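Below is one structure, written out as structure tokens, with a few remarks after it.
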Amino acid sequence: MSRRAFRDFMRSHEKDIVRELYDRLEKRPYSNYQDFFLRTEEGLRRLEIWVNLVINGIGRRAETLFRDQEKVAYTRAVEGFSFEDISHVYLIMHSILNEMIRKAGKLHPFHLHDVYSEMRENMFRGHHILATMFLKTREEVISEKMYHLKSLHDFTRTMIENLEVDEIAGMIMEKSRLLLKMDRSFMVLFQNHRVKGVFSHPAGTVDDEIFSLMERSYKTKKALFMDVEGTIHENIRLSRSMRIMAVPVQGHNRCYGILALLTKDGEKGLSFSQMDLLHQLLNVTAIAMENAYMFIELEERQKELRFLTEKLITLQEEERRQLAADIHDNLAQALTGMGYKIQVCRELINRNPKLLAEQLDNLTRIVDDATRQSRELMSSLRPDLLDDIGLVAALRKFMEHFSRDTNIKIRTYLPRHIQLPPEIKICLFRVVQEALSNVYKHADSKTAELRITKTKNLVRLTVSDEGKGFRHVSRPSGMAGMNKMGLLAMQERVEAVGGNLSIDSRPGYGCRLRVTIPIKNGEGVE
């Protein structure tokens, strides 16, 4: 039989061979390679291509089969498949062809064995090429992994010593570009869903196409790959002609930024080991970013603490000066007057009993005034109403005096009664005092609103006004130059009892202050 007739005969059974290969592979014990062939479109397509190359490999066309096997061996070795599983595909193919040729020899008078021997020889040679290239590639893969491990070790050691966000971004751009042999790398940092920095290595601008892909990667929190035609894929295996890739730098459910890599030739395809290395580099980068931001936040908190301590000392001295002045102007003078009146009364005991009675009445009034003033001073230091009549009643009494003294009308939404731990009651009372004082001093508003609600495990306080408002900064440390000491003091007071304070304000739209405090173990049940 001629080679052409044999090829025609084999082509007529090509689909049957592929189907039989598929069925026999499915009966084998599970392996990753078996799953690749049976569960992926690429695997099934490779089966069809290989069977076609084997059938058409008679004569000069055998070189096409051999070159294909070199590429397959390299790809499968890099992907980490077992050579034993790959060899079994050849063994199954030999078994299928032997059975088919035996049946054909019984049904037809022509001879198939001479040409079939050439096909078998091509398959043996293809299998030998596959084995040689596979082992060679595995050695290269091992060598590459050793290089990657050393690079990762050096990168990690350098990264953990760095606490500058910009320098961390520069290091991941430089290292990833070098190891993955890309032409350019880019980094966009995000904070609170806003762009906080854009970087390029080598230095340059980031064009709109790349920046758009990076923004999309940030929104989806997924790695994206753009091919030469501009199509975007989420699977790099579908983008063998990859031109741009954008990968999130994220850890602990927080995305710090997006790394993008660009190749100019548009024919770049990354292996599994290269993608694995990139992900490890990004994990280290995320940890370094987290440490850097924690260090920044720690510095901010230290600045806030120093600023608050200085201001509290100033306030303490001011309060002491004011207290001394109040004692001097009120109690001291009252006591001096009392001493004078007592002396006068001594002189009038025998001389003028009627005038003595009048002086004693005056002395009584002075004592009453001194008593009232001393109570007011003590109340300003510690509102005893909280312990006597409770938070709600104390707030109502305070607001009654506040409205009378300031002409500011306060709309209140308070429960009839609320029980809370002592430290939370004093916290809420002081916050209301400071918040309403700010309304009077700064808001230029004739109305305010106070609202308190409580669930089993949470108490919420809201103080709002419709005044002129102000530009609120994100961190209290930024209030140092804004004359917002009261806001910072409230922030610290609320956080001291485990709560959270937020402020919503902007010029011309008033201010809304919200306090949320958790109640542990169901304390304060109404």
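Please read all numbers here as calculations on a predicted model, not as lab measurements. Residue indices begin at 1 and follow the sequence shown.
- Within the 3.5 Å criterion, the main-chain N or O of Ala394 finds no donor-acceptor partner in the side chain of Lys397.
- Judged by distance alone, with hydrogens and angles left aside, the side-chain atoms of Thr205 form no donor-acceptor pair with the main-chain N or O of Asp207 at under 3.5 Å.
- Lys221 NZ: more than 12 foreign heavy atoms inside a 6.0 Å radius.
- Counting heavy atoms of neighbouring residues, nucleotides and ligands inside a 6.0 Å radius, atom CZ of Arg404 exceeds 12 of them.
- Heavy-atom minimum distance, Ile168 versus Ala288: CD1-O, 3.5 Å.
- When all heavy atoms of Ser176 and Leu281 are compared, the pair lying nearest together is CA-CD1, 4.5 Å.
- The pair Lys425-Glu423 does not meet the salt-bridge criterion, since no charged nitrogen lies less than 4.0 angstrom from a carboxylate oxygen.
- A donor-acceptor contact shorter than 3.5 Å is absent between the side chain of Ser505 and the backbone of Gly469.
- Ion pairing of Arg512 with Glu466 is absent here, as no side-chain N (NZ or NE/NH1/NH2) approaches a carboxylate O to less than 4.0 Å.
- Partner of Leu213 under the side-chain contact (heavy atoms from CB on, under 4.5 Å) criterion, out of Asp208, Ile258, Leu224: Leu224 alone.
- Other residues, nucleotides and ligands contribute only 12 or fewer heavy atoms inside 6.0 Å of the NE2 atom of His193.
- For Ser437 (side chain) and Gln433 (main-chain N/O), no donor-acceptor pair under 3.5 Å exists by modelled atom type.
- Between the Thr412 side chain and the Leu450 main chain, no donor and acceptor come within less than 3.5 Å of each other.
- Outside the 6.0 Å centre-distance limit, the rings of Phe190 and Tyr256 are not counted as a close aromatic pair.
- Considering every non-hydrogen atom in both Cys255 and Gln250, the closest pair reads CA-CB, 3.8 Å.
- Other residues, nucleotides and ligands place no more than 12 heavy atoms under 6.0 Å from the CZ atom of Arg416.
- Counting all heavy atoms, side chain and backbone alike, Pro202 lies closest to Ser200 at O-OG, 2.8 Å.
- Applying the 6.0 Å contact sphere to CZ of Arg216 captures no more than 12 heavy atoms from other residues, nucleotides or ligands.
- The number of heavy-atom neighbours closer than 6.0 Å to CZ of Arg460, taken from other residues, nucleotides and ligands shown, is 12 or below.
- Judged by distance alone, the side chain of Asn192 and the main-chain N or O of Arg194 form no donor-acceptor pair under 3.5 Å.
- When all heavy atoms of Phe199 and Val206 are compared, the closest pair comes out as O-CG2, 4.2 Å.
- By the neighbour-count criterion of 12 heavy atoms within 6.0 Å, atom CZ of Phe81 is densely surrounded, having more than that number from other residues, nucleotides or ligands.
- A cation-pi arrangement, defined by a distance under 6.0 Å to the six-membered ring centre and an angle within 45 degrees of its axis, is absent between Arg177 and Phe186.
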